[in-house]
Amino acid sequence: MFDPKLLLPEKIYAVAGFEINIYFQNVVTVINPANYAFDVECEKGRCDQERWRWTPAEEDTGEHKLKLSVWSDEGLLAEAETTIIVSPRNAGEGKTLTILQIGASCMAAKGHGESLMDRFQLPQNPRLVMLGSHSPGYTPVVPGGPANEAFGGWSWRTFFEKEKSYELDNDGLHPKRPWDVPSPFLFDRNGKKEFDFQAYIDTVCHGVKPDVVYFELGVNGTFLAKTDAEFEEMWQRDLYPYMKRMIDSVKAVLPDAVLGVEQIPRGSWSQDSFGKNYGCLQSRRRWLINADLLFRKYAKLASEMGYLIIPDYHNADGTANYPVEEEALFAGSNVMVKRPSNALHACADGYGQWADCEYFFLKYLMAQGLVK
């Protein structure tokens with residue numbers, strides 16, 4: 001029996017003067033959302049064909065309830081509620097906010113960190129300091145510029161096990177994948193490599209402690225799962241144990257820091273993108289299931305492990321935000337068409353919408369006094 005599920009974040013962060021979206025295709029487990037109607041009950045914003053959108057004003061600072069329901073010709077299929085939390089434009093103004101991002105290719109990509117830094121260059125913001133061994137696109141860190149600890153193809157496990165500099169197979173999607181370096185958290189201890197987050201802070205960060213540490217990890221390690229059982233096996237073997245070790249290690253060194261785990265954009269809305277990148281290794285249909293399972297795992301563990309959820313996926317336009325390439329309609333055809341060409345790695349506007357969500361989250365922390 002068909003049982004559609006809504007994965008609506010418990011909290012959606014926003015900032016006065018910036019647009020926030022819920023793209024319906026990103027929050028429901030149906031193959032073709034065009035076959036369904038989406039109703040929004042909210043005192044704010046407007047409900048379009050593909051999304052709910054709203055640009056709050058300064059007087060909208062505070063909490064706003066929203067209810068989303070999915071309908072077919074047979075009736076109501078699913079419904080869920082969330083709270084939109086709007087922070088004031090001047091949250092954190094005049095202060096300094098230091099962050100560390102740890103992630104994989106989407107976070108490492110050129111355009112992601114720059115977009116976030118751009119938000120903080122606007123008036124009425126704190127000064128943002130980004131820690132890390134390199135800048136987006138695997139370039140050297142420029143003082144005062146964006147930085148991160150993110151590498152294409154890596155997962156939670158990689159940061160504990162990649163001891164040497166060696167190049168893995170380049171899949172054509174990740175420049176320098178996965179950047180020819182060992183894990184920056186591994187240090188020589190008694191003749192072997194050991195994970196040491198304190199040593200990382202002392203050396204790479206020169207003793208500077210971040211106020212906020214958040215992670216964009218988990219897609220690598222579960223992406224290719226073809227069944228729920230296979231996903232669970234990958235989760236238990238390659239993700240959960242290393243995620244727990246990472247978060248416990250960070251909390252031990254930075255007991256006052258805020259930790260976050262991102263639920264990242266779920267990628268292109270076109271199967272053409274997945275076919276271009278992965279052939280028949282993975283389909284868009286199955287990846288959406290895997291993403292749903294992953295995001296639910298993260299939400300369930302948040303309280304137990306002591307981190308906050310950073311929801312990004314609801315705010316991403318899966319049509320306009322992903323690259324396209326021109327190719328022949330079919331072999332031998334003189335007709336050229338444009339097809340989506342990257343399943344998970346966005347174009348500039350996509351990284352912009354993603355950075356908006358990170359910005360909204362960080363401004364929320366400042367507004368609520370959660371950064372010590």
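All values below come from the heavy atoms of this structure, side chains included, with hydrogens, waters and symmetry mates left out.
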Any link between [X] and [Y] through a network of hydrophobic side chains (Ile, Leu, Val, Met, Phe, Trp, Tyr) touching at under 4.5 Å?
X: M107; Y: V141; value: no
X: V324; Y: Y322; value: no
X: V337; Y: W269; value: no
X: V30; Y: V40; value: yes
X: M246; Y: M234; value: no

Distance alone, cut at 3.5 Å: any donor-acceptor contact between the side chains of [X] and [Y]?
X: W71; Y: S69; value: yes
X: D238; Y: W156; value: no
X: E358; Y: H112; value: yes
X: D349; Y: Q353; value: no
X: Y359; Y: N125; value: yes
X: Y298; Y: E262; value: no
X: S105; Y: H345; value: yes
X: N21; Y: N315; value: yes
X: S133; Y: E149; value: yes

Might you point out which heavy atoms bring [X] and [Y] nearest each other, and give the distance in Å?
X: V212; Y: L365; result: CG2-CD1, 3.7 Å
X: C347; Y: P323; result: N-CD, 4.1 Å
X: K363; Y: A91; result: NZ-O, 2.9 Å
X: A302; Y: I309; result: CB-CG1, 4.2 Å
X: A316; Y: N26; result: O-ND2, 2.7 Å
X: L288; Y: R266; result: O-NH1, 3.5 Å

Can [X] and [Y] be counted as an ion pair, charged N to O under 4.0 angstrom?
X: K297; Y: E232; value: yes
X: E19; Y: R51; value: yes
X: R339; Y: E325; value: no
X: E41; Y: K65; value: no
X: R157; Y: E161; value: yes
X: D292; Y: K5; value: no
X: D256; Y: K251; value: no

Practice item. Take K67 and E79 through the salt bridge (Lys or Arg N to Asp or Glu O under 4.0 Å) test and state the conclusion after the steps. Key: CA-CA 7 Å; K67 182 178 179 180; E79 57 185 2; 3.4 Å; yes
Heavy-atom side-chain proximity of [X] to [Y] below 4.5 angstrom:
X: T29; Y: I289; value: no
X: Y313; Y: Y23; value: no
X: P182; Y: E163; value: no
X: I85; Y: I12; value: no
X: L66; Y: E81; value: no
X: R284; Y: S268; value: no
X: L116; Y: Q101; value: yes
X: R286; Y: S283; value: yes

Worked check of side-chain contact (heavy atoms from CB on, under 4.5 Å) between L6 and L68
CA-CA 9 Å; L6 277 171; L68 175 63; 3.9 Å; yes
Do other residues, nucleotides or ligands put more than 12 heavy atoms under 6.0 Å from the [atom1] atom of [X]?
X: Q49; atom1: CD; result: no
X: E10; atom1: CD; result: no
X: D73; atom1: CG; result: no
X: K244; atom1: NZ; result: no

When the ring planes of [X] and [Y] are compared, do they come out parallel, tilted or perpendicular, using 30° and 60° as the limits?
X: F361; Y: Y214; value: perpendicular
X: F38; Y: F24; value: parallel
X: W235; Y: F231; value: parallel

According to ring pair (Phe, Tyr, Trp, His ring centres under 6.0 Å), who are the partners of Y200, at least two apart in sequence or on a separate chain?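 Scan of Y200 (ring pair (Phe, Tyr, Trp, His ring centres under 6.0 Å), adjacent residues dropped) gives F185, F197.
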At what distance, to the nearest 0.5 angstrom, does [atom1] of [X] lie from [atom2] of [Y]?
X: I264; Y: C106; atom1: CD1; atom2: SG; result: 4.5 Å
X: Q282; Y: W287; atom1: CD; atom2: CH2; result: 8.5 Å
X: D196; Y: D188; atom1: CG; atom2: CG; result: 11.0 Å
X: S155; Y: N220; atom1: OG; atom2: CG; result: 6.0 Å
X: L254; Y: L259; atom1: CG; atom2: CG; result: 7.5 Å
X: S115; Y: Y351; atom1: OG; atom2: OH; result: 10.0 Å

How about F159 and Y242: are their ring centroids closer than 6.0 Å?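 When the ring centroids of F159 and Y242 are compared, they turn out to be at least 6.0 Å apart.
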Is the distance between the ring centroids of F187 and F195 less than 6.0 Å?
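Ring centres of F195 and F187 not closer than 6.0 Å.
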**By salt bridge (Lys or Arg N to Asp or Glu O under 4.0 Å) - contacts of K11 (at least two apart)** =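 With sequence neighbours excluded, K11 shows a salt bridge (Lys or Arg N to Asp or Glu O under 4.0 Å) to no residue whatsoever.
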